[in-house]
Amino acid sequence: MDIKGKTALVTGASAGIGRATVKMLAASGAAHIVLVDIDEAGLKSLAAEVEQQGAKATWLRADLSKPDEVISIFERADSATGGLDFVHNNAGIMTGQPDFPDTVMSKMIAVIQINLIAMMVGTRIAIEQMRKRGKPGVIINTSSVAAFSTMPADPAYSASKHGILAFTRSCLPLAEKFNIRVMAICPGITDTAIVPYDAPWLKPALERVKVLSPDDIARVVADIIRDDSLAGDQVTIQNAPAAAA
Ligand SMILES: NC(=O)c1ccc[n+]([C@@H]2O[C@H](COP(=O)([O-])OP(=O)(O)OC[C@H]3O[C@@H](n4cnc5c(N)ncnc54)[C@H](O)[C@@H]3O)[C@@H](O)[C@H]2O)c1
């Protein structure tokens with residue numbers, strides 16, 4: 001699907017991968033982008049950048065750990081844009097210190113609420129809205145290379161990313177039934193605020209690989225939107241090996 005003239009909603013838009021996706025969409029000629037995040041300052045500064053790029057921006061502050069807020073932002077986005085063409089369910093957190101099994105219980109639950117449940121609710125309501133308006137659409141969910149391995153320090157994060165992949169793959173039939181393509185991206189380590197650079201368990205991996213940039217991931221999001229053959233699958237963005245010293 002061509003990006004020019006289309007409407008989009010991106011969660012986790014204030015920073016990192018979401019912010020890069022929004023700028024890519026604006027640079028590619030999207031007409032109207034709905035920016036969603038809990039960080040209001042980031043939303044406001046991004047909205048100004050998007051408008052400078054020539055696209056319309058609507059920012060909606062929401063705490064995506066609350067399903068009611070997820071539903072509300074999709075309802076507001078649908079009326080503000082006249083219907084969404086693309087959705088990027090991207091917001092995510094890690095559990096953080098202390099490592100499992102001493103994990104803070106509320107953080108462990110929040111990881112599943114934000115990473116997995118908000119993505120499921122967002123996908124479900126976006127499909128309902130697209131069907132109601134008779135529109136084709138593309139929904140992209142941010143999983144991770146963590147979906148292919150175990151993470152003893154943060155199993156809730158690992159479980160959330162495995163879950164995103166299973167949910168997304170299960171959406172394959174929607175492409176044929178409704179012309180709605182649901183896809184996942186599985187980025188390797190990408191230079192954003194979520195990366196626990198000081199965590200001892202991550203150090204060996206950081207020494208072995210070249211860290212990706214948020215723009216590397218946004219380019220893949222653009223490729224998925226444009227490639228009408230992709231549905232119910234994932235695109236993995238692997239880290240290249242670190243250059244030899
Ligand atoms: N950076 C990486 O190495 C990497 C690798 C694979 C997957 N990912 C995934 O990419 C996605 C984006 O993360 P990022 O790397 O850009 O990190 P980031 O921390 O820069 O961005 C995450 C965004 O989500 C927002 N957010 C957090 N909690 C929220 C809530 N309750 N409600 C609304 N918004 C909330 C944050 O404010 C932030 O803007 C996440 O799903 C993450 O798991 C990241």
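Counting starts at 1 for both ligands and their atoms, in listed order. Note that the structure is a prediction, hence the values are computed from the model and not measured.
Contact annotation for K161 and ligand 1: only side-chain heavy atoms (C-beta onward) come within less than 4.0 Å of the ligand. When non-hydrogen atoms are compared, ligand 1 lies under 4.0 Å from the backbone of S143 (N, CA, C, O) but not from its side chain. Here N90 has heavy atoms under 4.0 Å from ligand 1 in both its backbone and its side chain. Under 4.0 angstrom from ligand 1, the non-hydrogen atoms of D63 come from both its backbone and its side chain.
Looking only at protein heavy atoms, the nearest one to atom 8 (N) of ligand 1 is Y157 OH, 3.7 Å. Here the heavy atom of the protein found nearest to atom 29 (C) of ligand 1 is I38 CG2, 3.9 Å. Regarding atom 32 (N) of ligand 1, its nearest protein heavy-atom neighbour is L64 N, 3.0 Å. Of all protein heavy atoms, the one lying nearest to atom 13 (O) of ligand 1 is I194 CD1, 4.3 Å. Protein heavy atom in closest approach to atom 14 (P) of ligand 1: T192 OG1, 3.4 Å. In terms of protein heavy-atom proximity, atom 36 (C) of ligand 1 is closest to D37 OD1, 3.5 Å. At the shortest separation from atom 9 (C) of ligand 1 among protein heavy atoms lies T142 CG2, 3.5 Å. Annotation: atom 24 (O) of ligand 1 to nearest protein heavy atom, G12 CA, 3.6 Å.
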Listing, residues 157-166 side-chain donor-acceptor contacts under 3.5 Å, not counting sequence neighbours, or none:
unit_1, atom_1, unit_2, atom_2, d
S158, OG, S149, O, 3.4
S160, OG, N115, ND2, 3.2
S160, OG, Y157, O, 2.7
K161, NZ, T142, O, 3.0
H162, ND1, S158, O, 2.9
H162, NE2, A147, O, 3.0

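Using modelled atom types, one side-chain atom of Q129 and one backbone atom of F74 make a donor-acceptor pair closer than 3.5 Å. The backbone N or O of P214 sits nowhere less than 3.5 Å from a side-chain atom of T190 that would complete a donor-acceptor pair. Of the possible polar contacts, none joining the N141 side chain to the A184 backbone as a donor-acceptor pair under 3.5 Å is found.
When the heavy atoms of G92, A91, S65, P196 are ranked by distance to atom 22 (C) of ligand 1, first place goes to G92. Within the set L46, I17, T190, the minimum heavy-atom distance to atom 44 (C) of ligand 1 is found for I17. Considering each of I93, T11, D191, L60, the one bringing a non-hydrogen atom nearest atom 28 (N) of ligand 1 is I93.
In the hydrophobic clustering (ILVMFWY side chains linked at under 4.5 Å, chained through shared members), F100 is joined by M105, M108, I109.
Between V209 and L206, the closest side-chain pair of non-hydrogen atoms is not below 4.5 Å. Considering only heavy atoms from C-beta on, I3 comes within 4.5 Å of F86 through its side chain.
A side-chain donor from one of S65 and D63 sits under 3.5 Å from a side-chain acceptor of the other. For the residue pair R19 and S45, a side-chain donor N or O sits within less than 3.5 Å of a side-chain acceptor on the partner.
For ligand 1, the atoms lying closer than 4.0 Å to a non-hydrogen atom of A62 are 32 (N), 33 (C). Those atoms of ligand 1 with a heavy atom of A193 less than 4.0 angstrom away are 20 (O). Close contacts between ligand 1 and I189 involve ligand atoms 3 (O) [criterion: under 4.0 Å to a heavy atom]. Atoms of ligand 1 found under 4.0 Å from any heavy atom of G16 (numbered from 1 in listed order, with element): 16 (O), 20 (O). Each of the following atoms of ligand 1 lies closer than 4.0 Å to a heavy atom of G188: 3 (O), 5 (C).
Using a cut-off of 4.0 Å between Lys/Arg side-chain N and Asp/Glu carboxylate O, R61 and D37 are scored as not salt-bridged. Between K23 and E49, at least one side-chain N (NZ, or NE/NH1/NH2) sits under 4.0 Å from a carboxylate O, which counts as a salt bridge. A salt bridge between K203 and E207 is absent, with no side-chain N of the basic residue lying under 4.0 Å from a carboxylate O of the acidic one.
Distances from ligand 1 to the non-hydrogen atoms of I114 include at least one value under 4.0 Å.
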